[in-house]
Enquirer: 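Here it is, the structure in full.
Chain letters run A, B, ... following the sequence lines, proteins first, then strands; residues in each count from 1.
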Protein chains: 2
Amino acid sequence: MSLEHAILGFLEREPMTGYDLKTRCFDDAAGHLWTADQAQVYRTLERLSERGLARSRVFPQRGKPDRKVYRITTKGRAALDGWLHSAQPLAPVRDPFLVRFALADGLSDEEIAALLAEAREEYQSRLDTLRADAAAPVPTCAGADDRGSELYRMTLGAAISATRTVIDWIDDATERIRQGLPVAKQRPTSEGV
Amino acid sequence: MSLEHAILGFLEREPMTGYDLKTRCFDDAAGHLWTADQAQVYRTLERLSERGLARSRVFPQRGKPDRKVYRITTKGRAALDGWLHSAQPLAPVRDPFLVRFALADGLSDEEIAALLAEAREEYQSRLDTLRADAAAPVPTCAGADDRGSELYRMTLGAAISATRTVIDWIDDATERIRQGLPVAKQRPTSEGV
DNA sequence: GCGTTTTATGGGACTTGTCCTATACTCGCT
DNA sequence: AGCGAGTATAGGACAAGTCCCATAAAACGC
C-alpha cells in the first residue's frame, strides 16, 4: 500500500506524531494526492513500529495528551528507498462519477446535464483550492527543502491540469447534450425471466 | 459503493450472469472507469439478490457449469434510479504515482527522470488501449442502444483526455528535471531520537 | 495425448479504508 | 457556567477490495 510508504516518506523528512501526519501532511499538503483516515494513520504507525521501520518515543505534555513522536529507522529508510526504486503498477482507474454518467442513459437529457453541472461545481471548487495552494508557500511537511518543494509544486501542477481537463470535458459533454442525445430505445420494464 | 450500482446498471440493460458481468462488462467495457474483482462481483450479486434488488434463475448447461442469470427487479430499478438522481460526493484523490513522485526528493535527478519515463510508458499503453477501444464498435454491454453508446463513447473520451493530460504533464516534468532540480539540503542520516 | 484456455461458480483469508466512539485536559466564546 | 474547538491517542465494527484456491467439463493448440 501507498499510505505506509507515504508515511515513511514524511517521517524521513521530519519525525512526527500521528496527529501531525494526519493534520499537517495529509489534510493540508498531500490531500490532493492521497487522503488518509486518522484511525488508519495511527494503525499504520503502530505496524511500522512493530516491523522496525519506525521507532516512537513519548514526550509528556502538560494539559495536552502526550505526544508520541515517530522517527524513521535505518531499516525504514531502506524500505522507503526500495519502494522509490521499484517499479510500481499503475493504479487501476476508478471513477464513480464517470460510471454514473455512463449508466445514466435512463435519465433525460436535462437530468444528465444537471448531473454534469453538479460535478462541474465540485471540480471547480477543487480547482480553486488547488490554485490557492499553488499560490501559497509550500507547507513544511510537503517540502523539506527546495528540492522537495519543487517536486511538491510539480505534483500540485499535475493535480491542477488533471482537474482542468475534467472540467473542460464536462463543458464539452454539456454542449454535446445541449445538441440532443439520441433517444433511448423502448426497453421492457418487467416480464418473466 | 459504486460497484453495486454499476452492476444494477448493467443488469438494467440486459440480464446477465456474474461471469458475463466480469468479462464482458468490467474487463472489456467499463474497465476504463471501474475495475472489479471477480469474487466481489459474485458476492455483490448475492447481496443484491438478498436485498431483493435482483433475482436469479439457474439455466442448466451441458458440459459447462450452470448459468445463474441475474435480472434486475422493480425494487432494483428504483434503487438504481435513486442513485442516478442523488448527489454523489466527489471521489477523493488517490494517486500512488504522484505520491511517489512527491516523496522522491531523496533520489537523483536521473532516478526521478527514470521514474517518470517508466510511468509514461504505462500511461502511453493505456492510451493506446483506450484509442483502440474508441475506434472499435461499442460493446453490447456498454451501450444497449444509441443513447447508451453515445454516453459510453463520451466517457471513453474523458478517459483519453485524462490520460493524455497525465502524459503531457510527465513530459513537462521530464523537461523540468532535465534543466536540473534544486539540490537537496544535507539531512542527518541517523542520530538519537 | 497433454497442457492450457474458456466457461462458470463460489469460498477463505486477508488488506485497506471508513465511521463512530472514548478519553482527557485547555482555551476561548457566549 | 457551560459548550464547542483544539490537541492527542486509540479501539471496535464494518465495508470494500484483492488474492488465492477448488471444482468441472469441453475445446483448442502443439
Enquirer: If the cut-off is 4.0 Å, is B:Arg47 near the phosphate of D:dA15, judged by side-chain N/O to OP1 or OP2?
Expert: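 No, because none of the side-chain N or O atoms of B:Arg47 sits under 4.0 Å from OP1 or OP2 of D:dA15.
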Enquirer: Of the listed nucleotides (C:dT7, D:dA16, D:dA8), which one gets closest to any side-chain atom of A:Arg67?
Expert: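 Given the options C:dT7, D:dA16, D:dA8, the side chain of A:Arg67 is closest to D:dA8.
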Enquirer: In whole Å, what is the span from the CG atom of B:Asp37 to the C1' atom of D:dT18?
Expert: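 Going from B:Asp37 (CG) to D:dT18 (C1'), I get 5 Å.
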Enquirer: Mind checking if A:Thr17 touches a base, just sugar-phosphate, or nothing, with heavy atoms under 4.0 Å?
Expert: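 Touches sugar-phosphate only.
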Enquirer: Quick one: side-chain hydrogen bond (donor to acceptor under 3.5 Å, both in side chains) partners of A:Asp28, sequence neighbours excluded?
Expert: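 Scan of A:Asp28 (side-chain hydrogen bond (donor to acceptor under 3.5 Å, both in side chains), adjacent residues dropped) gives none.
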Enquirer: Could you tell me whether the phosphate oxygens of C:dG17, OP1 or OP2, come under 4.0 Å of any side-chain nitrogen or oxygen in A:Gln40?
Expert: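 Affirmative; the distance criterion is met.
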Enquirer: Which is more 5' along DNA chain D, the nucleotide nearest A:Gly18 or the one nearest B:Leu3? Just name the residue.
Expert: A:Gly18
Enquirer: Using five pairs at either end of the helix from C:dG1-D:dC30 to C:dT30-D:dA1, determine the angle between the two local helix axes and round it to 10 degrees.
Expert: 30°
Enquirer: Mind calculating the distance between CG (A:Asp28) and C1' (D:dG6) to the nearest angstrom?
Expert: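 Nearest whole value for this atom pair: 14 Å.
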Enquirer: Restricting to side-chain contact (heavy atoms from CB on, under 4.5 Å), what partner residues turn up for A:Ser149, sequence neighbours left out?
Expert: A:Val138
Enquirer: Atom CG of B:Asp20 to atom C1' of C:dA8: distance rounded to whole Å?
Expert: 10 Å
Enquirer: With sequence neighbours left out, write down each residue that passes salt bridge (Lys or Arg N to Asp or Glu O under 4.0 Å) with B:Asp168, or none if nothing qualifies.
Expert: none
Enquirer: Which whole-number value in Å describes the distance from A:Leu21 CG to D:dT9 C1'?
Expert: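 To the nearest whole Å, that distance equals 13 Å.
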Enquirer: Specify the separation, in whole Å, of atom CG of A:Leu45 and atom C1' of D:dA8.
Expert: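 Value for this atom pair: 13 Å.
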Enquirer: Is the count of non-hydrogen atoms from other residues, nucleotides or ligands lying under 6.0 Å from B:Glu121 atom CD greater than 12?
Expert: no
Enquirer: Please state how far atom CG in B:Asp66 lies from atom P in C:dG10, giving the value in whole angstrom units.
Expert: 10 Å
Enquirer: Under the side-chain hydrogen bond (donor to acceptor under 3.5 Å, both in side chains) rule, collect the residues that match up with B:Asp128, sequence neighbours excluded.
Expert: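 B:Asp128 satisfies side-chain hydrogen bond (donor to acceptor under 3.5 Å, both in side chains) with B:Gln124 only.
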Enquirer: List, one per line, each side-chain donor-acceptor pair under 3.5 Å for residues 96-104 of chain A, sequence neighbours excluded.
Expert:
| residue | atom | partner | partner atom | Å |
| --- | --- | --- | --- | --- |
| A:Arg100 | NE | B:Trp83 | O | 3.1 |
| A:Arg100 | NH2 | B:Leu84 | O | 3.1 |
| A:Arg100 | NH2 | B:Ser86 | O | 2.5 |

Enquirer: Can you list everything that forms a side-chain hydrogen bond (donor to acceptor under 3.5 Å, both in side chains) with B:Thr35? Sequence neighbours excluded, please.
Expert: A:Arg94
Enquirer: Once you round it to whole Å, what is the distance between C1' of C:dT9 and CZ of B:Phe59?
Expert: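 After rounding, the gap between these two atoms is 16 Å.
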Enquirer: Write down the distance between CZ (A:Arg57) and P (D:dT9), rounded to a whole number of angstrom.
Expert: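 My rounded result for the distance is 15 Å.
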Enquirer: Using the salt bridge (Lys or Arg N to Asp or Glu O under 4.0 Å) criterion, which residues pair with B:Lys22? Sequence neighbours excluded.
Expert: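 Testing B:Lys22 for salt bridge (Lys or Arg N to Asp or Glu O under 4.0 Å), a comparison that skips the adjacent residues, returns B:Asp27.
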Enquirer: Count I, L, V, M, F, W, Y as connected when their side-chain heavy atoms are under 4.5 Å apart, and connections chain through other members. Are B:Phe26 and B:Tyr19 then in the same cluster?
Expert: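 Shared cluster, no.
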Enquirer: Are any protein N/O atoms closer than 3.5 Å to N/O atoms in nucleotides 10-13 of chain D? If there are, list each pair with its distance.
Expert:
| residue | atom | partner | partner atom | Å |
| --- | --- | --- | --- | --- |
| D:dA10 | OP1 | A:Lys68 | NZ | 2.6 |
| D:dA10 | N7 | A:Gln38 | OE1 | 3.1 |
| D:dA10 | N6 | A:Gln38 | NE2 | 3.1 |
| D:dG12 | O6 | A:Arg43 | NH2 | 2.7 |
| D:dA13 | N6 | A:Arg43 | NH2 | 3.4 |

